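Please read all numbers here as calculations on a predicted model, not as lab measurements. Atom set for the values below is all heavy atoms of this structure, side chains included, hydrogens, waters and symmetry mates excluded. In what follows, chains carry the letters A, B, and so on, assigned in the order in which the sequence lines appear, proteins first and then strands, with residues in each chain numbered from 1.
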Amino acid sequence: ETGVTQTPRHLVMGMTNKKSLKCEQHLGHNAMYWYKQSAKKPLELMFVYSLEERVENNSVPSRFSPECPNSSHLFLHLHTLQPEDSALYLCASSQGTGTSSYNEQFFGPGTRLTVL
Amino acid sequence: GESVGLHLPTLSVQEGDNSIINCAYSNSASDYFIWYKQESGKGPQFIIDIRSNMDKRQGQRVTVLLNKTVKHLSLQIAATQPGDSAVYFCADSGGGADGLTFGKGTHLIIQP
């Protein structure tokens, strides 16, 4: 539908587990993003990649580790998470960065993460 | 830090009526604003945007109004339909070099 896919759609993990979220965009975009969406809170930008280089990291705890091997794929590696990390994790992509309709961000459906 | 917020968490309207969703922002340096729609189980979807050098922009059945004097943004949906039921977010470009700062969202409920 949006050209941005995320897997898995749902994930339940313990605090000692290590897991990875995957995002793939089929739109030929050069920028990709990770957002966190918690209940009753605004979307929070976590990471921004442009041309496979990280350009922004909004003070995210080190237990979240992003990886962007190419412009079509983005991963979020998770380890030793806390229950408060339970949220919907959204991936987005855009043609470029900067503020214009040309760089509209297209979102994936998200991964619903529950940390026990 | 700066924030973007919505006035109401829930808005209920009759099908066929016009809907107005409001947003207040605090970053006076923001120069680009976007409205997103998020349906249940889906990611946000771009609706319409506006730059600070404009005060009104129209799309298909939607209009965004920007009042820079009072830092207020609104989204008007004409002839609301059941498919308009979703959470609507405003966002601005003040959240960093390339990301967006989102408001909490308003849940639009359509009554038959």
>> Could you check whether any side-chain heavy atom of A/P109 comes within less than 4.5 Å of a side-chain heavy atom of B/K42, counting everything from C-beta outward?
In response: no

> Which bit of A/R112 is near chain B, if near means a heavy-atom gap under 4.5 Å: side chain, backbone, both or neither?
Replying inline: neither

>> Is B/Q38 close to chain A through its backbone or its side chain, or both, or neither, when contacts mean heavy atoms under 4.5 Å?
In response: side chain

>> Given heavy-atom pairs under 4.5 angstrom as the criterion, report whether the side chain, backbone, both or neither of A/Q37 touches chain B.
In response: side chain

> Checking A/L43 against chain B: side chain, backbone, both or neither under 4.5 Å from a heavy atom?
Replying inline: both

> Less than 6.0 Å separating the ring centroids of B/Y25 and B/H72?
Replying inline: no

>> Once ring-ring contact (aromatic ring centres under 6.0 Å, His included) is applied, do any residues pair with A/Y89, and if so which ones, sequence neighbours excluded?
In response: A/F64

>> My understanding is that a hydrophobic cluster links ILVMFWY residues whose side chain heavy atoms are under 4.5 Å apart, including indirect links. Using that, what else belongs to the cluster containing B/V70?
In response: none

